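Below: the structure, in C-alpha cells.
Remember, predicted model here, so these are calculated numbers, not experimental data. Naming: A, B, ... by sequence-line order, numbering from 1 per chain.
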Protein chains: 2
Amino acid sequence: MSSTSPKLALFEQFALVAKTLGHPQRLELIEQLGQGPRHVDLLADKLGLPIANVSQHLQAMRRAGLVAAERQGKYVIYRLASPDVLAAVQAIQQVAEANLAEVGRVVRGYFYQRDCLEPISRDELQSRLRDGTVTVLDVRPADEYALGHVPGALNVPLGELEARLSALDPAQEVIAYCRGPYCVMSFEAVARLRQMGFSARRLQDGMPEWAAAGQPVES
Amino acid sequence: MSSTSPKLALFEQFALVAKTLGHPQRLELIEQLGQGPRHVDLLADKLGLPIANVSQHLQAMRRAGLVAAERQGKYVIYRLASPDVLAAVQAIQQVAEANLAEVGRVVRGYFYQRDCLEPISRDELQSRLRDGTVTVLDVRPADEYALGHVPGALNVPLGELEARLSALDPAQEVIAYCRGPYCVMSFEAVARLRQMGFSARRLQDGMPEWAAAGQPVES
DNA sequence: GCGATAATCAATAATTACATTGAATCGTTG
DNA sequence: CAACGATTCAATGTAATTATTGATTATCGC
C-alpha cells in the first residue's frame, strides 16, 4: 500500500547526512570549510585535534556527501560539497535556537547581551563600502583572513585590537565580522570598540555566509 | 584567542539536533507529524513499530527540541516543535539529493521516471481551486486525510483508485498529492490515471509542505 | 476504587560510533 | 631513488545508541 522499499532506502540516506552532521567537531570543520577550501593539516591545527582524527571525520563527511576532496600536490584539499551544506547547518541551528532552552539562553546571555544594536546586513555593507563611509574589520586570525575576506577589510585579530586602534579613523563607523553567527569574536570586538568610544557594529553572520551569498571575496 | 567554552556548548546542542535527525524512522515520524499532531499509538501503527520504541524515539526528539508533547486525556499528543523542523529536514534532503549518488539515482530512477511533467505549484493550485477547473485527489490513507487535507480534495487511497474512477470528470485535470516529495503514492496515482486517459499531475511536495506554507487546511 | 487502555520507564544485550596508536601510501624534493 | 611530509589505513579498546522485554505510571469509564 504505502511505499516501503525505495522510501526506506532514501530515508536511510537522509539519516546518514543528518547523523554525520551530528558531531560538534564536524560542525566546526564545516564552519572552517565554509570560509573556503582547506587542507587536512590546517584543519587539524585549527581544531586542535590529531590529524588522523580529523582525516577520519573528513572521510565520514565525504561519504555523506557533505564535503569533497581533491588532491593538490602533497596536500588533499577539502571543500564543502555544495552551498546546500551551509544551508542545512543553518536550518539545524535555527531549530536549536528556537526550541532548545539552553541554546536560547547561551545565545541571548552570552552573545546578544554584548550587542544591543542590530547587525548590519550584507547588502547594506556592500553599498556603504562603495560610498567609502565605513571601516571594515576582519577580526579572525591572520591565516583565515589570508584565505579570503571582504574586499577592503582590515585584518585585526582580536588579540591585537587595542594595539592597532590608532589605525582607525574615529569618525567612521567600524563594522566587524568573523566566522559566523555563532562566533563570539566580532561580538567581543564590537564591545571593546564601543568602550573605546568608537561607533561599532557587527556584520550579519560572517565570512562563510558572505561568500555563500555570492558577495565578492578578496584574497 | 578564539571562543572555546560557550561555542563548544552551542555546537554540542546543534550536534544533538542533527544527531537526533539521523535515524530513518525518526525522519518518518517527522513526516507523519508534519501532517499534523498525532498520538503515540497511531504513530506506532503507521510505522509498524512497537509502541515503546516509538515512545523512546519521540522522547529523544523532544529532548532535541524537534517535537513537543501535550497530554490530552489518556493520550499524549505529539507535534512538531516548530515549522523550522520541516525546513531543516528539507535542507538535509536537498544535500543528500545533490551530493549523494545513490539518492539521485533512486529519485531520478524510481520517481521522476514516472512523471516527466512538472508538478503544479501550491500557489497555482490555489488559484485553480478558486476557478474550479481542477479535481484534487488526496491519495493518502483515509485516516491521514481525516486529520487534515487540502480544501475540496477527494480522498481516494491508492488501492481504491481504479474502483472510484467513475467519480472523476474526465474533462477536468486531476491533481494528486500525498505525504511529501519522497512519498511515491502520488507518483503512482498520476501514472495510473494517465494510463486511463486522464490528464493528471502531481502537486509539488505534499501535505506537510502545504500546511507549512500557510495554505488552508480542511478537516 | 477497579479494570482497561495509553504511555513511559528500567534493564538487557547487540550493534555501532569514536579516539588513539602505529604502520602504510602517495607525492614531492633534494 | 631515497628521504621527507601529508594523509590514509588498520587495529584496538571504550563509550554511546538502539531494539526489546517486562514492569510501572497515568487517565478514563464504570
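Between A:His57 and C:dA19 there is a side-chain polar atom (N or O) within less than 4.0 angstrom of OP1 or OP2. Between B:Tyr78 and C:dT8, a side-chain N or O to OP1/OP2 separation shorter than 4.0 Å is present. Applying the 4.0 Å criterion to OP1 and OP2 of D:dT18, one finds that B:Arg26 has a side-chain N or O inside that range. The shortest distance between the side-chain N/O atoms of A:Ser55 and the OP1/OP2 oxygens of D:dT8 is below 4.0 Å. Distances shorter than 4.0 Å separate some side-chain N or O of A:His23 from OP1 or OP2 on C:dA19.
When each of A:Gln72 and B:Arg71 is assigned the nucleotide of DNA chain C bearing its nearest heavy atom, the one mapping closer to the 5' terminus is B:Arg71.
To the nearest 0.5 Å, atoms CG (B:Leu27) and CE (B:Met61) are separated by 8.5 Å. One finds the NZ atom of B:Lys19 at 9.0 Å from the CZ atom of A:Arg26 (value rounded to the nearest 0.5 Å).
At a cut-off of 3.5 angstrom, counting only N and O atoms as typed in the model, there is no donor on one side facing an acceptor on the other between the side-chain of B:Gln25 and the base of D:dT18. Not a single donor-acceptor pair, N or O on each side, falls under 3.5 Å between the base of D:dT7 and the side chain of A:Gln59.
Going from atom CD of A:Gln56 over to atom P of C:dA23 covers 17 Å, rounded to whole Å. When the P atom of D:dT18 is taken as reference, atom CD of A:Glu12 falls 13 Å away, rounded to whole Å. In this structure, B:Lys74 atom NZ and D:dA26 atom P are separated by 16 Å, rounded to whole Å.
Ring-plane geometry between A:Phe14 and A:Phe11 is classed as tilted, the angle between the planes lying from 30 to 60 degrees on a 0 to 90 degree scale.
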